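These figures come from a predicted structure and were not determined experimentally. To find a chain, count down the sequence lines: A is the first, B the second, and so on, and within it residues start at 1. Quick note: numbers below take in every heavy atom, side chains included, and nothing from hydrogens, waters or symmetry partners.
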2 protein chains.
Amino acid sequence: MLTITLRQLQYFDALARIGHFGRAAEACFVSQPALTVQIQELENQLGARLVERGRRGAVLTEAGQRIAERTRKLLREAEDLVQSAQASSAPLAGRLRLGIIPTVAPYLLPTLLPFLRQTYPDLELHVRETQTAILLDEVEAARIDVMLAALPIAHPDLESLALFEDRFVLAAPHHHETEGRVVLSEDWLRREPLLLLEEGHCFRDQAIRYCALRQVSSHNTLGASSFATIMRMVANGLGMTLLPEIAVTAEARSEDIRILRLEEPEPSRVLGLLWRRESPRTADIRALAEAISIAQQALAGWSRVP
Amino acid sequence: MLTITLRQLQYFDALARIGHFGRAAEACFVSQPALTVQIQELENQLGARLVERGRRGAVLTEAGQRIAERTRKLLREAEDLVQSAQASSAPLAGRLRLGIIPTVAPYLLPTLLPFLRQTYPDLELHVRETQTAILLDEVEAARIDVMLAALPIAHPDLESLALFEDRFVLAAPHHHETEGRVVLSEDWLRREPLLLLEEGHCFRDQAIRYCALRQVSSHNTLGASSFATIMRMVANGLGMTLLPEIAVTAEARSEDIRILRLEEPEPSRVLGLLWRRESPRTADIRALAEAISIAQQALAGWSRVP
DNA sequence: CGTAATGATAGGAAAATTCAATTTTTGCCA
DNA sequence: TGGCAAAAATTGAATTTTCCTATCATTACG
C-alpha cells in the first residue's frame with residue numbers, strides 16, 4: 001500500500017550520507033529522536049534493517065546501501081517533479097538554485113544579479129558559492145539546479161554549456177614597467193614569488209599547470225582563500241599572481257598593481273554551466289546562460305586589461 | 001525543502017487516472033474531502049494548478065499532465081524501493097503480486113499454490129485474475145509485480161520469459177467418434193457451432209485467428225465468461241469449442257465430452273511471464289518461473305488428451 | 001426555477017510527528 | 001573488571017497533520 005513517506009526517505013538519505021543520527025538530524029533541522037523514530041519506522045515498513053548502530057555512529061547494512069541508492073534517485077526525481085511544476089509558468093520564474101565557484105562569483109554577481117532582477121523579476125535566485133567538487137555533488141543530488149564552473153568536466157549524468165573564455169593575466173607590483181607581452185621565466189619567478197589560492201580552487205590548479213607547461217616551478221604558493229588577500233600582497237610588493245581577466249576590474253583597482261598580458265598562447269579557462277541531464281529546468285538554464293553571457297560582455301567592456 | 005508527500009502524489013495519481021474526486025477518493029479508501037484537501041495542498045506546494053474542476057469531474061491542466069507523468073514514475077520507483085528491500089532476504093520471500101489471465105488461472109493455481117506454499121513458506125503470494133490488457137496496465141504501474149499471459153507481447157518497458165507451450169484441442173459432444181486427428185472444416189462448423197469466450201479474452205482471439213487461418217468462418221460465438229459454462233453446453237450437445245490443453249483435466253471430466261487432437265500443425269499458445277524491466281524482484285520472478293514450470297509439468301502428466 | 005452532480009469548506013476527533021528530558025546501549029580505556 | 005563518554009533509544013507531553021461527517025457552493029440541465 002506504499003506506506004513509506006518522503007520525509008522518512010529524506011531523513012534516511014541524510015543519515016546515509018552523514019553516518020550519525022545526531023548530526024543527520026541537525027542537517028534536517030529536527031531533533032535526534034525525531035529522526036531516529038522515522039528511521040525505525042522506515043525499517044519496519046521495509047521489513048529490513050538498514051543501519052547498524054554502533055559506538056561510532058551509524059553504518060549502512062548491505063540492504064541499506066541498496067536502499068540508499070534508490071532513495072537518492074527517488075528524492076532527485078521528487079525534486080525534479082517540484083521543479084518541473086515551477087518551470088511551467090514563465091521562463092526563469094520560481095526558485096532556481098545556482099552554484100558558482102569562488103573565483104567567479106564575486107566578479108560576475110554584481111553585474112549579473114541586477115540584470116536578472118530587472119529582466120526576470122519573478123526569478124528567485126539562490127546563489128551558493130563553493131568549490132567545484134562540492135558543487136558537483138550538490139548538482140548531482142539535485143540540491144542545486146545548475147552550477148557555473150571551469151570546463152571541461154566530464155560526468156555521465158551532467159550536461160554542460162560553455163559560456164565564455166576567461167584569459168589569465170599577470171598581476172605584478174607597479175615597479176614592473178615592462179611593455180607588451182610578458183614571458184613567465186624561472187628567473188623572474190625567483191625574484192618575484194608567485195602567490196596562489198589555497199588547495200581546492202580549480203584556478204590554483206590551472207595556474208600551476210600553466211607554470212608546469214612553461215617549465216617553471218611554482219613553489220612558494222602561499223595559499224590564500226581569495227584574490228582580495230593576494231592582491232593586497234601584490235600591491236605591497238610581496239610577489240605577483242595570475243589573475244583571471246574577469247577579476248581584473250574588481251581586484252586591480254590599486255595604482256600599485258600592474259596588469260600584464262602574457263605571451264601567446266595566453267592561458268585561459270573556459271567557464272560554463274553544468275546541470276543534470278534530466279533536470280526539468282533546462283529552459284530556464286538556457287535563459288540563465290544567455291543572461292550570464294550578457295553580464296560577462298558588460299564586464300569585459302569595462303576591463304582595464306591592456 | 002521538498003514539502004510534498006507521497007500520499008499527495010498517490011491521491012493525485014488516482015485523480016489523474018479516474019478524473020473524479022469522489023471516485024478517486026474511493027479508490028484510495030478515503031473520503032472525498034480528504035482527497036480534495038491533499039490535492040489542494042499539492043497544488044499549493046507546487047505553485048501550479050493541476051486540475052480544472054468542472055461539472056463533469058476533474059480534468060488535468062497541461063501542467064497537471066506533465067506532473068501526472070512524473071508522479072506515476074515516482075510512485076513506481078517508490079514501489080520498487082519497497083520491493084527491493086523485501087527482496088533482500090531469502091528468494092521468494094515477502095509479498096509478490098502475480099496477475100494471471102482467466103484462461104490459465106483456475107487450471108494452474110490448484111497445482112501451483114500448494115507447491116509454492118510448501119517450497120517457499122515465506123512467500124506471500126497475491127494473485128489477481130483479469131484479462132491481459134488490464135494486467136499490462138497494472139504491471140506497468142507497479143501495482144502487480146509479474147503477470148502470466150500468452151506471449152508474445154511487445155512492450156518497451158517489459159521483459160518476458162516463455163514458460164511452456166499450451167496446445168489447443170477440440171472439445172466436442174461425445175457422439176463424435178472420430179479416431180485420430182481432426183480437421184476443422186467449414187462443413188463441420190455449420191453442423192456444430194463453435195462456442196467461444198466473450199470479448200477481451202486473448203484465447204478467444206487466438207481461436208478466431210486459427211479458424212481464419214483454416215479458412216473457416218467462426219461466427220456464432222456465444223461469448224461465455226468461462227470455459228466451465230462453455231463445457232456445460234458442449235456436454236449438452238449445443239456445440240463444440242477449442243480448449244487449451246491446460247484446461248482439459250479440469251473441464252473435460254464429463255463422459256459426455258470428447259477431446260480430439262487437431263491435425264498438424266496443431267494450434268497452441270505460448271504462456272510466459274512478463275514484468276517491468278526495472279523490477280527489483282527479478283530473482284524472485286525467475287524462481288517463480290521455475291515453480292510454474294514444475295506445476296505445469298505435473299499438470300501435463302495427468303492430462304487425458306489422446 | 002428546481003434538481004442532481006460535483007467539488008469546497010468547517011469543526012472536531014484521531015493519528016502522526018516532534019521536542020526536551022532521560023535512559024539504555026556500546027565500545028573504550030584505565 | 002568497572003567506570004566513562006558517546007551515541008542512539010525511549011518517554012511523555014505538545015503540536016501538527018490528516019481524516020471524517022456534515023454541510024455548503026457552484027454549475028449545468030431539464
Side chain of T5(B) - closest among dT18(D), dT18(C), dT9(C): dT18(D)
- prompt: So, Q45(B) and T3(B): side-chain donor and acceptor under 3.5 Å apart, yes or no?
  reply: yes
field: Options dA9(D), dA22(D), dG7(C), nucleotide nearest the side-chain atoms of P33(B)
entry: dA22(D)
message: Whether the side chain of Q32(B) and the base of dA8(C) hold a donor-acceptor pair under 3.5 Å is what I'd like checked.
response: yes
field: I18(A) CD1 to dA8(D) C1', straight-line distance once rounded to whole Å
entry: 16 Å
task: Report the nucleotide, chosen from dT18(D), dT10(D), dG7(C), that has the shortest atom-to-atom distance to any side-chain atom of T36(B).
output: dG7(C)
field: Integer-rounded Å distance: dA8(C) P and E43(B) CD
entry: 8 Å
task: Decide yes or no for L74(B) and L74(A): does some side-chain heavy atom of the first lie under 4.5 Å from some side-chain heavy atom of the second?
output: yes
query: Distance check: side-chain N/O of Q40(B) vs OP1/OP2 of dG7(C), anything under 4.0 Å?
result: no
- prompt: Is any side-chain N or O of R53(A) closer than 4.0 Å to OP1 or OP2 of dA9(D)?
  reply: yes
query: Can you tell me how far P of dT10(D) sits from CZ of F21(A), to the nearest Å?
result: 11 Å
message: In whole Å, I'd like the distance from the CG atom of L6(B) to the C1' atom of dA16(C).
response: 16 Å
message: Taking atom CD as the centre, does E278(B) end up with more than 12 heavy-atom neighbours from other residues, nucleotides or ligands that are less than 6.0 angstrom away?
response: yes
field: Spacing between I39(B) atom CD1 and dT17(D) atom P, to the nearest angstrom
entry: 18 Å
query: Over how many whole Å does the gap from E26(A) atom CD to dA20(C) atom P extend?
result: 13 Å
message: Of the listed nucleotides (dG7(C), dA9(D), dC20(D)), which one gets closest to any side-chain atom of V30(B)?
response: dC20(D)
task: Could you tell me whether Q65(B) atom CD has more than 12 heavy atoms of other residues or ligands within 6.0 Å of it?
output: yes
message: Closest-nucleotide mapping onto DNA chain D: is L35(B) or A58(A) further toward the 5' terminus? I mean the 5' end.
response: A58(A)
task: Step through the shown structure and confirm whether more than 12 heavy atoms of other residues, nucleotides or ligands are within 6.0 Å of CD on E69(A).
output: no
Atom-pair distance (CD on E41(A); P on dA15(C)), nearest Å: 15 Å
- request: Go through dT18(C), dA9(D), dG7(C) for me and flag the one nearest to the R7(A) side chain.
  value: dT18(C)
- prompt: Taking for each residue the nucleotide of DNA chain C bearing the nearest heavy atom, is the 5' side occupied by L15(B) or by Q38(A)?
  reply: L15(B)
message: Side chain of R23(A) only, heavy atoms from C-beta on: which candidate in dA7(D), dA9(D), dT18(C) is closest?
response: dA7(D)
task: State whether H20(B) places a side-chain N or O below 4.0 Å from either non-bridging phosphate oxygen (OP1 or OP2) of dA5(C).
output: no
message: What is the distance, to the nearest angstrom, from the CG atom on N44(A) to the P atom on dT10(D)?
response: 11 Å
